[in-house]
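What follows is a set of notes on a single structure, which appears directly below.
Whatever order the structure lists ligands and atoms in, that order sets their numbers, starting from 1. Just so you know, these numbers use all the heavy atoms, side chains as well, and skip hydrogens, waters and symmetry mates. Note that the coordinates shown come from a computational prediction; the quantities given were computed from them, not determined experimentally.
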Amino acid sequence: MSNVVILGAQWGDEGKGKMVDLLAERFDVVVRYQGGHNAGHTVFVGEQKYILTLVPSGILRGKLAIIGNGLVINPEELIRQIEMLEAAGVDVAGHLAVSNRAHVIFPFHRMVEKMSEGRKGRTAIGTTSRGIGPCYEDKVARRGIRMADLVDENALPELFRSLAEDKAILARAFGIEEKLNFDAILEEYIGYGRRLKPLVCDTTHLLAKLRREGKRILFEGAQGTMLDIDHGTYPFVTSSNATAGGVCTGAGFPPTAIDGVIGVSKAYSTRVGAGPFPSEAPEQEADRIRNAGGEFGTVTGRPRRCGWFDVPLIRYTAAINGFDSLAITKLDVLDHLEEIKVCTGYRLGGRVIEEMPATCREMEDIEPVYEVLPGWQTSTAGARAWSDLPEKARSYLRFLENRTGVEIGSVSVGAERNQTILVEGSRLTELIGGTRL
Ligand code: IMP
């Protein structure tokens with residue numbers, strides 16, 4: 001098996017960063033296929049902490065990192081990350097490729113986002129305020145500027161002026177005070193284009209070549225399935241396809257070449273930003289999970305909403321992505337609890353439903369049905385094998401596995417690499433080539 005997708009099975013922040021970092025060692029290439037610098041992956045190499053929001057973290061392990069066409073790129077942020085990596089001794093020039101078809105975020109995208117999030121009478125999504133959505137809007141409206149344009153000094157000024165003029169009209173219409181100096185922005189972006197030009201290429205061809213050479217390719221999703229623009233809790237979603245299908249469109253990679261999909265899920269649930277969250281815990285319960293799990297955003301620092309593992313939700317995200325295996329993270333966060341709730345069904349309009357409703361209105365009306373399992377109240381932080389886990393923790397995991405219908409291939413019990421249990425004989429270990437950490 002060589003080409004594997006790993007992505008979030010919930011609302012993002014499932015602890016993908018650690019799993020991707022762990023798995024990257026077994027792959028030759030790591031690829032991002034959607035989103036932008038709204039994602040934040042925290043990776044430790046020794047004592048050193050890195051927060052990467054655009055560059056696939058596999059680069060820290062000497063792997064080839066690819067930023068696919070499905071991303072929206074803030075070039076200033078990309079350059080900042082490149083400089084941080086270079087300062088840490090990483091050979092970025094030899095290990096990073098950026099798609100010429102990825103779209104470029106400009107300062108006016110943030111302005112548009114502020115406008116739409118702040119407008120009276122409009123429901124705020126609680127975005128990361130990075131200009132992600134408005135940049136995707138321009139992409140779909142067929143007026144966006146791509147990396148191939150950014151690095152073309154002859155073509156950029158005209159494309160930029162046309163787009164900037166659109167935004168100026170919009171700003172005037174909405175009575176926006178904020179003045180943007182378009183000439184200065186153009187100058188700045190010409191500079192970014194010069195700096196990034198050597199890294200920009202046709203990554204679709206590059207991936208096809210790497211595949212022909214038999215290289216092992218890992219695709220890392222950003223955000224999570226429930227934030228997917230098509231399948232998530234619309235409109236409280238991000239603007240890209242975070243699901244496995246996003247790999248095909250966002251990296252130009254054929255579905256027939258994908259060998260497996262791993263879904264990452266916490267042993268409980270969290271969500272940042274607004275929107276439905278059927279298994280959200282009441283404040284006191286949520287506080288206990290939040291404090292034990294350090295549930296504060298990597299990118300925005302916002303406290304995350306916390307709740308219980310949601311079986312119907314995972315069944316839904318498994319159906320969309322075709323998970324071969326689940327990587328369960330942060331089991332240790334539940335160590336201290338006397339009892340643990342699991343949402344096993346949704347009650348809506350007096351009956352228990354199996355399917356995820358399409359509208360937020362119905363989702364807000366869902367009443368979760370809980371089953372309560374006994375806590376193990378023992379530290380799992382030192383467990384290194386399935387058999388090291390307390391009996392009740394194993395029962396909890398088996399319960400999740402049986403109800404979701406997806407095997408659990410790994411269990412994470414702490415932030416360190418070695419605090420990861422790879423389950424022998426699982427499909428996950430088959431996909432990644434063994435249980436060695
Ligand atoms: P946007 O991606 O900035 O447009 O934000 C849309 C929604 O997705 C908001 O609810 C954000 O909080 C959420 N979101 C975006 N990126 C992430 C992420 O990496 N983890 C978790 N939530 C995210």
Contact atoms of ligand 1, heavy-atom distance to [X] under 4.0 Å:
X	answer
Gly273	10 (O)
Trp11	21 (C), 22 (N)
Ile125	10 (O)

Exercise for review: Could you check Arg271 against Thr233 for side-chain hydrogen bond (donor to acceptor under 3.5 Å, both in side chains), going step by step and ending with a plain yes or no?
Suggested key: CA-CA 11 Å; Arg271 159 162 216 171; Thr233 47; 3.1 Å; yes
> Of all the non-hydrogen atoms in the protein, which one sits nearest to atom 11 (C) of ligand 1, and at what distance?
Replying inline: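 Protein heavy atom with the smallest distance to atom 11 (C) of ligand 1: Gly126 O, 3.6 Å.
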[atom]: which of [options] has the nearest heavy atom?
atom	options	value
atom 14 (N) of ligand 1	Leu227, Thr238, Thr233	Leu227
atom 16 (N) of ligand 1	Gln223, Arg271, Arg302	Gln223
atom 6 (C) of ligand 1	Thr53, Val237, Thr128	Val237

Any atom of ligand 1 sitting under 4.0 Å from a heavy atom of Ala39?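 Distance cut 4.0 Å: Ala39 passes for ligand 1.
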Just by distance, do the side chain of Asn291 and the backbone of Asp287 share a donor-acceptor pair under 3.5 Å?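 A pair under 3.5 Å: yes.
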Is it true that the NZ or CZ of Arg32 lies under 6.0 Å from the centre of Phe219's six-membered ring and within 45 degrees of the ring axis?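 The answer is no; the distance or angle limit is not met.
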Is any N or O atom of [X], backbone or side chain, closer than 3.5 Å to an N or O atom of ligand 1?
X	result
Ser129	no
Asp13	yes
Arg130	no

- Task: Examine the side chains of Glu14 and Ser265 and answer whether a donor and an acceptor come within less than 3.5 Å of each other.
- Result: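 Per modelled atom types, Glu14 and Ser265 side chains form no pair under 3.5 Å.
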May I ask you to check whether Phe106 and Tyr189 place their ring centers less than 6.0 Å from one another?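 Yes - the distance between ring centres of Phe106 and Tyr189 falls below the 6.0 Å cut-off.
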Margin query: With side-chain hydrogen bond (donor to acceptor under 3.5 Å, both in side chains) as the criterion, how do Asn321 and Thr225 come out once you've worked through the C-alpha distance, each side chain's angles and the decisive distance to 0.1 Å?
Written below: CA-CA 8 Å; Asn321 296 298; Thr225 301; 2.9 Å; yes
